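All remarks here apply to the structure that follows.
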Amino acid sequence: MILFITNKQSEKYLTKLEIKNVTKSFKTTQGKNTSITNAIENINLSIEDGEFVCFVGPSGCGKSTLLNILAGLEKPNEGEVILNGRPIDETGPDRLMVFQESALFPWLKVIDNVEFGLKMAGVGKQKRREIAMHYLDMMQLTKFSDAYIYQLSGGMKQRVAIARALVLDPEVLLMDEPFAALDSQTRDLLLVELQLIWARTKKTIIFVTHNISESVCLGDRVIVFTHRPGKIKKEVSIEYRRPRLTEDPGLQDFQRSILYELKNEIISAKKQENPSN
Amino acid sequence: MSIKNLVARQKDLFSIIIFLAAFLAIWELFFNLEIWPKVSFPAPYQVLESFKNQIEDGSLPSNILVSLWRLFLGFLISITIGISVGLLMVKFPIFGKTLNSFAVGLQSFPSIAWIPFAILFIGINDSAILFVVVMSSVFSVMISTYSGMRNISPLYLRAAKNMGAKGLNLVAYVMIPAATPSIIVGLKQAWSFAWHALIGAEMLITTLVGLGHILSVGREFLLMDQIIATMIVIFTIGMIFDKLVFFKIEEKIRKKWGLSEQTM
């Protein structure tokens with residue numbers, strides 16, 4: 001009842017992003033001991049064009065690491081990531097990241113922050129302004145175009161961050177717990193807005209969160225990760241009308257099934273940290 | 001500015017005026033007690049007289065201008081060299097690390113100790129003064145640029161690279177602005193070091209003009225009123241730049257970067 005195998009969708013969509021056997025480990029040095037920690041292990045996942053995919057997992061499960069690898073900000077030890085049939089090499093504006101904390105530039109006005117990527121791409125001043133204003137309008141931030149970042153609330157900052165990513169018309173939008181620091185009313189509002197933007201722009205979105213209701217509210221598909229080293233534990237397809245609200249009772253079954261999966265992971269993660277208990 | 005701020009400011013101004021008046025009164029009192037000979041301890045009105053004379057013959061304005069010109073020039077050279085070398089230090093880490101330890105040592109090196117070297121190396125002229133000014137201020141700029149660049153939040157760099165910034169664009173549009181709060185602190189320090197060094201150098205490298213030179217002349221001709229008048233000028237110039245120029249810039253940047261809760 002909960003799990004759907006969505007063959008229908010894979011026929012309709014084209015594969016956008018393929019993650020093949022990706023493994024990433026870190027060297028950690030504690031005093032004289034150097035140990036290797038596997039962050040993620042052997043991840044295989046295929047993401048369709050225009051799909052909204054959420055990664056959930058216990059904290060420290062490597063879901064953010066995977067997102068950084070997709071962005072090209074970190075390199076996997078093994079495996080590869082293929083975007084539109086071509087393996088990705090370095091970071092670039094075709095896979096844009098929206099970070100958890102505000103990574104907006106405080107020395108620039110809102111409008112200049114939004115234009116930043118276009119400026120780097122060498123787009124002319126007038127054209128830049130035009131595109132930036134279009135997305136600021138979409139995010140209902142037109143009034144704040146000349147404000148500085150410190151003058152904005154947390155929710156407005158994340159909306160600017162989304163606009164700043166969208167202006168570059170990325171192939172994939174990567175979101176790393178972008179709403180984690182917001183109060184719940186602001187977050188609920190942004191969850192709806194994000195769905196509307198997604199519907200309007202038809203972007204492929206990968207959204208990392210540890211919040212189950214957020215993942216169910218947003219995702220076409222929710223990927224549940226195991227604790228470290230992160231592996232894919234389960235995929236849950238969520239076929240439900242949009243825009244969804246977090247408190248929609250129809251989503252509770254999905255939430256429950258993901259919670260069930262995650263609970264065991266959180267318990268075993270705890271055990272790993274404190275083996276005596 | 002709100003009315004509350006305005007009132008607070010007026011209160012500040014009022015207490016400063018009271019303080020100055022009290023200071024002048026005590027000064028006058030000590031003068032009248034005649035503890036010291038008049039040559040070593042002039043009255044406030046004698047200092048005022050000296051001001052008047054120096055302004056009337058045009059020597060004070062021209063000496064101020066010469067000193068400020070040397071200061072600006074030296075400071076400009078320090079900024080240019082300091083920031084460029086600071087950037088190179090970031091670009092080449094081994095060079096940077098090595099130079100940084102030397103720069104830290106040279107930053108605390110007394111500026112006056114450069115003067116004999118400068119006289120023999122360059123001569124008794126303006127360039128030697130400039131040399132001393134630059135040597136005493138350039139390392140503050142260098143160190144603050146270097147450390148400011150190295151302490152940029154990795155989040156800014158990741159975001160910028162992700163949006164396609166690289167090479168010179170990354171340096172010009174992200175790294176330098178991101179390091180600005182730290183660089184400004186270094187510039188402020190460099191400015192005050194340059195100012196100290198300038199007066200010292202003008203006193204010891206005799207070039208016939210400049211505020212430091214006036215101090216030396218005052219000492220040789222026992223013109224205490226002229227010495228005190230010049231000291232007041234030096235004090236005022238230092239204060240104007242520190243409080244009005246750098247404080248304002250720093251405050252503005254801190255506010256913009258969200259480092260200060262205070263709103264003006």
Side-chain angles (χ1 to χ4, degrees), chain A residues 64 67-74 88 90-110 112-123 132 147-154 157 160-170 172-176 178, chain B residues 1-2 79 83 86-87 90 144-145 147-188 246-264:
Chain A
S64 293
L67 205 66
N68 280 328
I69 289 171
L70 298 183
L73 292 166
E74 280 174 39
I88 62 155
E90 51 183 6
T91 187
D94 50 355
R95 288 152 283 134
L96 277 173
M97 192 88 159
V98 177
F99 295 91
Q100 175 175 2
E101 314 141 65
S102 171
L104 299 171
F105 301 143
W107 56 90
L108 296 177
K109 287 176 181 173
V110 166
D112 296 319
N113 262 287
V114 177
E115 283 181 23
F116 183 84
L118 295 168
K119 190 171 177 180
M120 292 303 111
V123 178
Y148 281 100
I149 305 307
Y150 76 92
Q151 295 167 310
L152 306 180
S153 68
K157 281 182 194 165
V160 176
I162 294 170
R164 182 168 82 162
L166 287 175
V167 290
L168 289 169
D169 195 22
V172 184
L173 197 58
L174 307 167
M175 308 184 84
D176 188 8
Chain B
M1 197 189 295
S2 70
I79 292 179
I83 291 184
L87 288 176
V90 178
S144 68
T145 308
S147 71
M149 291 278 171
R150 278 161 42 101
N151 292 327
I152 296 173
S153 158
L155 201 60
Y156 292 151
L157 296 179
R158 287 153 73 98
K161 284 178 190 164
N162 188 217
M163 287 185 288
K166 50 184 125 178
L168 277 180
N169 273 346
L170 187 67
V171 174
Y173 295 116
V174 183
M175 292 178 72
I176 290 181
T180 300
S182 155
I183 293 175
I184 288 291
V185 173
L187 290 188
K188 189 177 163 187
F246 282 103
F247 183 76
K248 284 269 161 69
I249 297 174
E250 216 183 338
E251 195 56 25
K252 201 176 157 194
I253 284 174
R254 287 182 66 80
K255 191 177 151 197
K256 209 156 123 181
W257 261 249
L259 296 168
S260 144
E261 298 301 306
Q262 198 179 340
T263 43
M264 299 283 275

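Remember, predicted model here, so these are calculated numbers, not experimental data. Below, chain A is the first sequence line, B the second, and so on; all start at residue 1.
Interface remark: A:Leu174 contributes no atoms to any contact with chain B (heavy atom separation under 4.5 Å). Contact of A:Gln151 with chain B is not made at all, since no heavy-atom distance falls under 4.5 Å. Neither the backbone nor the side chain of A:Asp94 comes within contact range of chain B; no heavy atoms are under 4.5 Å apart.
Within 6.0 Å of CZ in B:Arg150 there are 12 or fewer heavy atoms belonging to other residues, nucleotides or ligands.
A distance of 13.5 Å separates CG of B:Asn162 from CE of A:Met120, quoted to the nearest 0.5 Å. Residue A:Thr91 holds its OG1 atom at 9.0 Å from NZ of B:Lys161, rounded to the nearest 0.5 Å.
Minimum interatomic distance between A:Leu96 and B:Met163 (heavy atoms only, all atoms of both residues): CD2-CG, 3.8 Å.
Side chains of B:Tyr173 and A:Phe105 form no contact here, defined as non-hydrogen atoms less than 4.5 Å apart. Annotation: side chain of B:Thr180 is not in contact with side chain of A:Trp107 (no heavy-atom distance under 4.5 Å).
The candidate with the highest count of non-hydrogen atom pairs below 4.5 Å against chain B, out of A:Leu108, A:Leu118, A:Asn68, is A:Asn68. If you tally non-hydrogen atom pairs under 4.5 Å between each of A:Ala165, A:Ala103, A:Gly72 and chain B, the highest count goes to A:Ala103.
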